**Q** 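Before we start, here is the structure in question, set down as structure tokens.
A quick note: this is a predicted structure, and the numbers were derived from the prediction, not measured. Computed from heavy atoms alone, side chains included, the values below leave out hydrogens, waters and symmetry copies. Just so you know, ligand 1 is whichever comes first in the structure, and atom 1 is the first atom listed for that ligand.
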Amino acid sequence: MQKNDIVKVVIEDIGTGGEGIGKVDGYTLFIKDAVIGDIVEAKIIKAKKNYGYARLMNILVPSECRVKPVCPQARRCGGCQIQEMAYERQLRFKEEKVRGNLMRIGEVPEEVLSSIMEPIVGMEEPFHYRNKAQFPVGTDREGNLVTGFYAGRTHSIIPNTDCVLGVEVNERILKILLAFMKEYGISAYCEETHRGLVRHILIRYGFSTQEIMVSFIVNGDTLPHSDELVKRLAALDGMTSITLNINKKRTNVIMGDVVRTLWGRSYITDYIGNIEYQISPLSFYQVNPVQTERLYELALSYAGLTGEEIVWDLYCGIGTISLFLAQRAKKVYGVEIVPQAIEDAKNNARINGIENVRFYVGKAEEILPEYYRKYEEKHGGEKAHADVIVVDPPRKGCDEALLQTIADMQPDRIVYVSCDSATLARDVKFLRRCGYELMKGRAVDMFPQTVSVETVVMLSHKTEVQCIS
Ligand code: SAH
């Protein structure tokens, strides 16, 4: 196989990035936008010794799992990877990915998985689920102002005001912004030259409150004629917060540190279950509130709380899981590395009148081991006790020092919420060696049309064995 060869390929598998995988004379090809079951014509763009990458040229026989993408930009945009795959097939792909990782990396026996894994939690309506959108603002080749999305792995903007993952009001807001900028001659920011004013627009929508937040990220201290823009936006139903975010740095980090309120409040509110959250432009908040509630309900049920338990919620963010659990626990300790998130967590506890929580700022792998060590020193060798430990780490998973302390503390149950089933599997392997067994597990589809999948598992200790690591 050589570059530019045109080949006919039967797509037999799906790669981790959602691409189709097929073989030609034993040579493996990865083909973006090809769907499992398709027979395609593809052009080789990169040929390595044992495998290569090819570009989809023609779909000769479409797969039964192939659907027409709802968004005309689906292939060019970096946001969705598997919009052309039927939703049912997307769910099966995600379930198999989690299961495969737990088996191969986690070394969990197949019989265990077959008996404990529950079916994936999908969405009834797998579009328009995102409560947050960040659109870059720029100019196209002809010099017209555009908003849109970055093409996959690049920083060139594909014009689009109607992303099918976002809420419908986004489009109206984007059109108001573009018309305003045109009328008043306001420039868009250009990454190469670091000139121009408007960099991004952030829109957040409270699904249960219908409150809308708009924040303009600008390369300057003010937005000229903002009164006129505010007047037009404030007329929209539900508009609650309009802010300016100052970001004058030459960086691809979207938000700056300074927020100025132009109109209304500096935050919006929303609910997950019966807990109210205040969300400011810089706050972290889960982007799919419908599935988040299901995920937390699952974590709560796996935690098996009766009201008497001591619970740790590690990597707690703005305290979402902590507050959810606190309603049914004696005491919850949350740990999070970002100080601003802990400020939000404390505020959220206060507005909900929840008092049995305590939050710590720091690394989970430092805070918990230190707590454990100090407790033993202070209490004459008695060990710190936790009934349930919940972890929800970023993609890289948990540090071994943390897993070791968790195992030493011997909680009855460990609930692991994961956004990367490969690192989840690695950590499950460690905990199984420490005498914990996988008792329950379920994937939740938080990001339909993309390859991401969340997983919740519960481990419980089967024996009193000490960790042999
Ligand atoms: N449980 C929260 C957030 C989970 S996202 C929720 O459901 O909303 C993971 C969080 O871990 C992020 O808030 C991130 O800032 C935090 N984090 C990353 N590394 C960390 C570490 N070493 N110790 C503690 N928190 C960390």
**Q** With heavy atoms under 4.0 Å as the rule, classify the contact between Y285 and ligand 1 as side chain, backbone, both or neither.
**A** neither

**Q** Taking all atoms of both residues into account, what is the closest heavy-atom pair of E365 and P369, and its distance?
**A** O-CG, 3.1 Å

**Q** Looking only at heavy atoms, is any part of A341 under 4.0 Å from ligand 1, and if so is it the side chain, the backbone, or both, or is it neither?
**A** neither

**Q** Quick one: look at I337 and ligand 1, take heavy-atom pairs under 4.0 Å, and tell me if it's side chain, backbone, both or neither.
**A** both

**Q** Under a 4.0 Å threshold between the charged nitrogen and the carboxylate oxygen, would E437 count as salt-bridged to R432?
**A** yes

**Q** Regarding R199 and E191, does a basic nitrogen lie under 4.0 Å from an acidic carboxylate oxygen?
**A** no

**Q** Which part of T320 is near ligand 1, with near meaning a heavy atom under 4.0 Å away: side chain, backbone, both or neither?
**A** side chain

**Q** I'd like to know if the side chain of R204 and the backbone of I279 have a donor-acceptor N/O pair within less than 3.5 Å.
**A** no

**Q** Identify the protein heavy atom lying closest to atom 22 (N) of ligand 1, giving its residue, its atom name and the separation to 0.1 Å.
**A** E365 OE1, 3.0 Å

**Q** Between E171 and K175, does any side-chain N to carboxylate O distance fall below 4.0 Å?
**A** yes

**Q** List ligand 1 atoms under 4.0 Å from K363, heavy atoms only on the residue side.
**A** 23 (N)

**Q** At a 4.0 Å threshold, what atoms of ligand 1 neighbour a non-hydrogen atom of Y296?
**A** 6 (C), 7 (O), 8 (O)

**Q** Report yes if some N/O of Y315 lies less than 3.5 Å from some N/O of ligand 1; otherwise report no.
**A** yes

**Q** Has ligand 1 got any nitrogen or oxygen that is less than 3.5 angstrom from a nitrogen or oxygen of E336?
**A** yes

**Q** Does any N or O in the side chain of R104 come within less than 3.5 Å of the main-chain N or O of R99, such that one atom is a donor and the other an acceptor?
**A** no

**Q** Should you measure from each heavy atom of V338, which atoms of ligand 1 turn up under 4.0 Å away?
**A** 15 (O)

**Q** Out of all atoms in ligand 1, which are within 4.0 Å of some heavy atom of G362? Include the element for each.
**A** 23 (N), 24 (C)

**Q** Is K383 salt-bridged to E376, cutoff N-O under 4.0 Å?
**A** yes

**Q** To which protein heavy atom is atom 23 (N) of ligand 1 closest, and what is the distance rounded to 0.1 Å?
**A** A364 N, 2.9 Å

**Q** Q278 pairs by side chain to side chain donor-acceptor pair (under 3.5 Å) with which of D344, N347, D270?
**A** N347

**Q** For atom 4 (C) of ligand 1, what is the closest protein heavy atom, and at what distance to 0.1 Å?
**A** D392 OD2, 3.3 Å

**Q** Are K363 and D399 within salt-bridge range, i.e. N to O under 4.0 Å?
**A** no

**Q** As an exercise, identify every atom of ligand 1 less than 4.0 angstrom from a heavy atom of P394.
**A** 11 (O), 18 (C), 19 (N)

